[in-house]
Amino acid sequence: MQQSPYPPLCPHRIPYPFSVAAAILAAVEGGILLPGENARLFGDLQIAGHFGVCVGLFCRAGCPALRQARRPPLRCSAAIAKSGNCLFAGSDSESLPVHHQACQRRKAIGILRPILTKPTDEMNVRVRFAPSPTGFLHIGGARTALFNWLYARHTGGTFILRIEDTDVARNTQEAVEVILNGLGWLGLDWDEGPIEVGSSRCDDRTPQRGVPTSKGAHGPYFQSQRTRIYQQRVQELKDKGLAYDHEGAVKFKMTREPIVIPDLIVGDVTRELTDRERLDPDFVIVRSDGQPVFHLVNVIDDLEMGITHVVRGEDHLSNTAKHIALFRAFGVEPPKYAHIPLILNPDGTKMSKRDQGASLTSYLEEGYAPEAVVNYLCLLGWSPKDNREVVPIQEVVQMFDLPQVLRHNARFDLDKLHWLNGEYIRLMSNERFYELAIPALKRAGFDTSKFPSPYVKAALDTCKGKKRLFSELADYGGFYFVEEVTYDPEAAAKDFTPENRERLKKLRDAFAALSSFDAASLENCLKETAKQLGVKAGALVHPTRLACTGKTAGPSLYHLLEVLGKDKVMQRLQRALTVMG
RNA sequence: GACCCUAUCGUCUAGCGGUUAGGACACCGCCCUUUCACGGCGGUAGCGCGGGUUCGAUUCCCGCUAGGGUCGCCA
């Protein structure tokens with residue numbers, strides 16, 4: 001393989017919105033990357049910037065040109081550099097023939113545009129996932145968490161988990177754990193928020209019984225523990241004359257003017273008042289029972305926690321006007337918003353709690369690998385743009401950016417996830433396969449701990465890549481872990497014939513005489529026996545498989561025989577002969 | 001009812017004014033394989049409709065239609 005002219009990867013975390021290509025330039029130049037505004041506009045071209053000095057042209061990370069280019073991309077002239085502007089040239093500009101060829105782009109773009117805004121250290125991204133503990137984690141919520149996490153990891157920012165447990169009635173410790181476990185299963189680690197279940201950090205302090213504890217400097221991260229903060233903020237609004245008591249509740253004096261919501265994904269959205277809102281634009285922020293409502297606490301927490309980017313489902317887009325008004329009422333500029341599209345049912349309707357596949361837990365139970373689920377979720381509304389489907393999460397982290405997230409809703413395609421899971425199983429290490437397979441077998445009632453570890457591993461090795469779901473493994477390879485197999489009745493009727501009995505007897509004797517019980521010897525032996533009997537190999541293969549596994553389909557026959565070992569195979573053949581007789 | 005978002009094969013997507021509209025899942029053939037899979041080759045299938053702008057629109061603009069979201073003392 002040809003040595004790449006570029007260093008492997010920038011060792012620093014790269015701020016929004018630059019791609020790997022830009023990161024490489026930064027590494028080469030020792031420079032700093034700064035945010036641009038129009039990454040989306042320019043398709044697969046990206047500008048890399050060096051604090052008011054130097055820029056270059058790149059294709060996006062997945063572009064083959066990146067790998068094929070034989071020399072570093074051009075830099076713009078000193079004059080342009082001094083002006084603080086960036087040169088943006090089309091890939092068919094004659095200076096970049098390699099890019100042109102690889103990209104097959106035809107359009108030349110020539111744009112001069114200042115893109116340098118703030119120094120990097122002012123761009124400390126802080127994002128949060130703020131679920132309500134309802135007792136389950138919605139797949140859409142999981143993707144929202146994923147996109148937040150991706151953005152935090154891409155920018156080197158902070159990912160915060162906040163539990164919106166204002167609704168005391170349905171809020172339980174178990175419900176919180178569903179969320180923590182779900183995120184943990186997906187591998188989405190958070191920098192601030194509740195302490196993970198079973199974490200050793202629990203020992204640092206002795207938490208008050210029943211009171212959840214948090215990590216991070218902006219806590220607590222449970223809304224139920226932040227009531228003082230809300231009370232103070234409500235008073236602030238009252239003092240400013242922006243909130244007032246109304247029938248026992250507190251209402252916020254909402255602006256009558258349309259509010260522009262700048263959105264990183266959707267663009268600028270001007271939100272007019274609806275007819276009902278025109279009648280009374282003010283809305284309740286504290287209920288008559290004293291409980292603050294979602295809009296209020298959400299804004300206060302984002303404000304207090306220094307959230308810089310709100311990445312959430314598009315179902316919140318209309319509400320964002322209220323949130324922006326609230327931020328302004330507190331005298332603060334709102335964070336940047338990014339509303340990601342929703343995940344719909346296969347029939348295009350909104351996915352609700354009861355719908356098939358809505359709960360993240362179901363994917364664990366049904367035998368999906370978390371890395372496959374994460375990969376699939378990444379592909380819903382985002383694309384690496386290079387025709388790949390299997391994309392390692394680390395690469396997604398490098399490439400992911402908010403402006404490239406699609407704006408339309410996506411339907412959940414279980415078939416594709418199913419396929420992707422199969423791909424992941426095939427690609428994963430054997431160790432990882434055991435790690436996921438053994439608990440799956442246990443869930444199905446097969447306790448592999450009763451068998452020697454080498455046997456279990458060898459058995460599982462013959463199953464890897466054959467099935468797409470771990471939940472299917474029990475049916476497929478369960479015969480390794482039972483005393484006595486159960487014969488498929490239909491197959492038994494077909495294959496356990498008197499004629500086959502004689503053949504199988506002959507095969508058993510031939511097997512018994514084998515000195516080496518390995519797959520190759522077994523295959524030779526079986527074929528030789530078939531030859532002597534004057535039958536096709538299939539005539540022996542099918543009854544043998546049925547006798548040893550009870551099924552018509554399964555792992556490679558010779559390999560499974562080897563794994564079972566001579567004793568078990570003899571035993572099972574004998575039993576089949578008895579049954580046949 | 002009002003407000004907001006969206007619109008490429010059945011599904012997920014690439015596409016950023018000139019393409020034989022590319023890939024993947026699913027589906028259908030054939031090959032490989034005496035199980036089941038994997039793999040290989042090929043196929044069916046798409047720019048919602050109507051107006052503009054333009055020499056030229058899948059691509060830009062407007063309208064319509066359709067889908068989704070929001071308008072709570074739910075989150």
Side-chain angles (χ1 to χ4, degrees), chain A residues 40-45 62 104-107 109 130-134 164-167 170 223 246-251 258 261 263 265-267 269-279 281 283-295 297-298 313-322 339 341-342 344 346 348-350 376 379-390 406-420 422-423 426 463-468 476 491 527 530 536-542 544-546 549 551-557 560:
Chain A
R40 174 185 201 120
L41 203 64
F42 300 145
D44 62 2
L45 303 172
Q104 300 190 319
R105 301 191 55 78
R106 304 196 171 156
K107 182 95 195 321
I109 311 165
S132 174
T134 57
E164 306 223 333
D165 57 349
T166 50
D167 192 343
R170 63 183 187 194
Q223 287 186 338
H246 175 79
E247 292 176 2
V250 182
K251 291 184 89 171
I261 304 161
D263 191 286
I265 293 170
V266 187
V269 175
T270 306
R271 169 64 155 78
E272 310 264 356
L273 296 179
T274 68
D275 52 357
R276 280 170 219 195
E277 288 167 339
R278 253 185 276 274
L279 261 36
F283 57 93
V284 169
I285 52 176
V286 181
R287 291 192 275 266
S288 48
D289 65 0
Q291 281 292 319
V293 306
F294 162 75
H295 298 300
V297 294
N298 192 265
E314 200 214 79
D315 49 343
H316 287 292
L317 184 55
S318 292
N319 289 151
T320 304
K322 290 177 180 173
H339 286 94
L342 268 22
L344 270 27
T349 55
K350 188 188 183 182
Y376 178 73
L379 261 24
L380 241 37
W382 178 86
S383 161
K385 297 177 191 290
D386 57 5
N387 286 344
R388 278 187 303 166
E389 310 295 325
V390 177
L406 260 3
R407 288 126 102 168
H408 59 262
N409 296 343
R411 300 184 190 200
F412 199 85
D413 184 1
L414 198 59
D415 279 340
K416 186 152 180 176
L417 172 58
H418 194 195
W419 166 79
L420 200 55
E423 292 295 297
R426 213 160 292 118
C463 300
K464 182 163 176 264
K466 296 284 199 163
K467 284 287 164 187
R468 291 174 167 186
Y476 191 79
K527 285 183 171 165
K536 286 184 179 176
L540 291 175
V541 166
H542 296 294
T544 306
R545 175 181 295 283
L546 187 62
T549 73
K551 298 185 183 299
T552 56
S556 159
L557 179 66
L560 79 84

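A note on names: the letters A, B, ... follow the listed sequences, proteins ahead of strands, and every chain is numbered from 1.
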Within this structure, what is the CG-to-P distance between A/Leu344 and B/U13, rounded to whole angstrom? 11 Å
Does a side-chain N or O from A/Thr274 land closer than 4.0 Å to OP1 or OP2 of B/U70, or not? no
For B/C30, does the O4'-C1'-N9-C4 or O4'-C1'-N1-C2 angle fall within 90° of 0, making it syn, or is it anti? anti
Please give, in whole Å, the distance from B/G68 C1' to A/His339 NE2? 15 Å
Pull out every protein N or O sitting under 3.5 Å from an N or O of nucleotides 6-11 of chain B, one pair per line with the distance.
from : atom 1 : to       : atom 2 : distance (Å)
B/U6 : OP1    : A/Arg407 : NE     : 3.3

Annotated protein contacts, base or backbone, on nucleotides 28-49 of chain B with a non-hydrogen cut-off under 4.0 Å, one of B, S, - each: ------BBBSSS----------
A/Pro258 to A/Thr270 - nearest heavy-atom pair and separation: CB-CG2, 4.0 Å
Does A/His418 reach a base, just sugar-phosphate, or nothing at all? Heavy atoms under 4.0 Å. nothing
Sugar-phosphate, base or nothing in reach of A/Glu277, heavy atoms under 4.0 Å: sugar-phosphate
Paired with B/C64: which nucleotide, if any, by Watson-Crick or G-U wobble criteria at under 3.5 Å for both distances? B/G48
Is the backbone of A/Gln223 close enough, under 3.5 Å, to the side chain of A/Asp165 for a donor and an acceptor to pair up by distance? yes
Between B/C25 atom C1' and A/Asp415 atom CG, what is the distance in whole Å? 7 Å
A/Ser132 side chain to A/Thr134 backbone, donor-acceptor under 3.5 Å: no
Would you measure the distance from the P atom in B/A21 across to the matching atom in B/C41 and give it in whole Å? 22 Å
Expressed in angstrom and rounded to an integer, what is the separation of A/Lys322 atom NZ from B/C74 atom C1'? 12 Å
For B/G18, the nucleotide meeting Watson-Crick or G-U wobble distances (both under 3.5 Å) is B/C55
For nucleotides B/C47 and B/C9, find the distance between their C1' atoms and express it as a whole number of Å. 9 Å
What is the nucleic acid contact for A/His295, judged by heavy atoms within less than 4.0 Å: base, sugar-phosphate only, or nothing? base
Heavy atoms only, 4.0 Å cut-off, all strands: where does A/Arg271 land among base, sugar-phosphate and nothing? sugar-phosphate
So which atom in A/Val284 and which in A/Lys251 form the shortest heavy-atom distance, rounded to 0.1 Å? CG2-CG, 3.9 Å
Checking A/Tyr376 side chain against A/His418 main chain: does a donor-acceptor pair fall under 3.5 Å? no
What is the distance, rounded to the nearest whole Å, between atom CG of A/Leu342 and atom C1' of B/G67? 12 Å
Let's see if you can work this out: which of B/C73, B/A75, B/C4 has an atom nearest to the side-chain heavy atoms of A/Val269? B/C4
Applying a 4.0 Å non-hydrogen cut-off, can you work out what A/Ser288 is touching in the nucleic acid: base, sugar-phosphate, or nothing? base
Quick one: A/Arg388 CZ to B/C25 C1', roughly how many Å, whole number? 18 Å
Look at the side chain of A/Asn387 and decide which nucleotide, out of B/A14, B/A75, B/G23, has an atom nearest to it. B/G23
With rounding to the closest Å, how many angstrom separate the C1' atoms on B/U35 and B/G68? 47 Å
Give one of base, sugar-phosphate or nothing for A/Asn319, where a contact means two heavy atoms less than 4.0 Å apart. base
Judged by atom type as modelled, is there a donor-acceptor pair below 3.5 Å linking the side chain of A/Arg407 to the main-chain atoms of A/His339? no
Pick the P atom in B/G63 and in B/A7, then give their distance to the nearest Å. 15 Å
What does A/Gly381 touch in the nucleic acid at a heavy-atom separation under 4.0 angstrom: a base, only the sugar-phosphate, or nothing? sugar-phosphate
Who does B/C71 pair with, Watson-Crick or G-U, both distances under 3.5 Å? B/G1
How close or far is atom C1' of B/U13 from atom CG of A/Leu420, stated in whole angstroms? 14 Å
Nucleotide paired to B/C25 in any strand shown, Watson-Crick or G-U, under 3.5 Å: B/G10
